[in-house]
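Below: the structure, in structure tokens.
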Amino acid sequence: MLDNNSQPLDIQKLPPNETLFALLKWSAIPGFSRHHWGTDFDIYDHAALPENYKLQLIPQEYESGGIFTKLNTWFDQQLTNDFFLPYKNTTGGVSPEPWHISYQPIAQTYFNQLSLELFEQEIQASNLLLKQEILQNSSEIFNSYIININQGNS
Ligand SMILES: [Zn+2]
């Protein structure tokens, strides 16, 4: 796991609450990833990978001077309003994911069905690790990490 500066983070040394919020920057709570909807995909340019390069999916790869700069520029120029990047810029929740593309016409239907009540019900019915920490912070998690996305292509 990496910290905000893409540096390795040792979660063994963190208290449960901090572990939870460190995880949330990089990974959705099981059952609450947009990938599960079938509308969202992580895209990289395989042809741009240097030989023996290990794909990291970190923002630096998509920024100016990164190996996927061309793909990022193509996103900026070609994405219509039907396809957008919900985690392109930081929102204070999930870390920026300039590789994560979403098909808005269908994704919006699922997004509209999300609610804090549904989230709490699903967590309550689960036996996830950190379940109590999730429930104690459910409102913050729901608002900052589940529904907090970049809307449209701006
Ligand atoms: Zn993704």
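Positions are given from 1, in the same order as the sequence printed here. For ligands, and for the atoms within them, numbers begin at 1 and follow the listed sequence.
No side-chain heavy atom of Tyr44 sits less than 4.5 Å from a side-chain heavy atom of Glu61. Taking 4.5 Å as the limit, every side-chain heavy atom of Ile141 sits out of range of all side-chain heavy atoms of Phe32.
Between Ser102 and Arg34, the shortest heavy-atom contact is OG-NH2, 2.8 Å.
Note: Tyr110 and Trp37 have tilted aromatic rings, judged against thresholds of 30 and 60 degrees for the angle between ring planes.
Here the N, O or S atom of His100 that is nearest to the Zn ion (ligand 1) is ND1. Nearest to the Zn ion (ligand 1), among the N, O or S atoms that Asp42 has, is OD1.
For a distance bound of 2.8 Å, the N, O or S atoms of Asp40 include none lying that close to the Zn ion (ligand 1).
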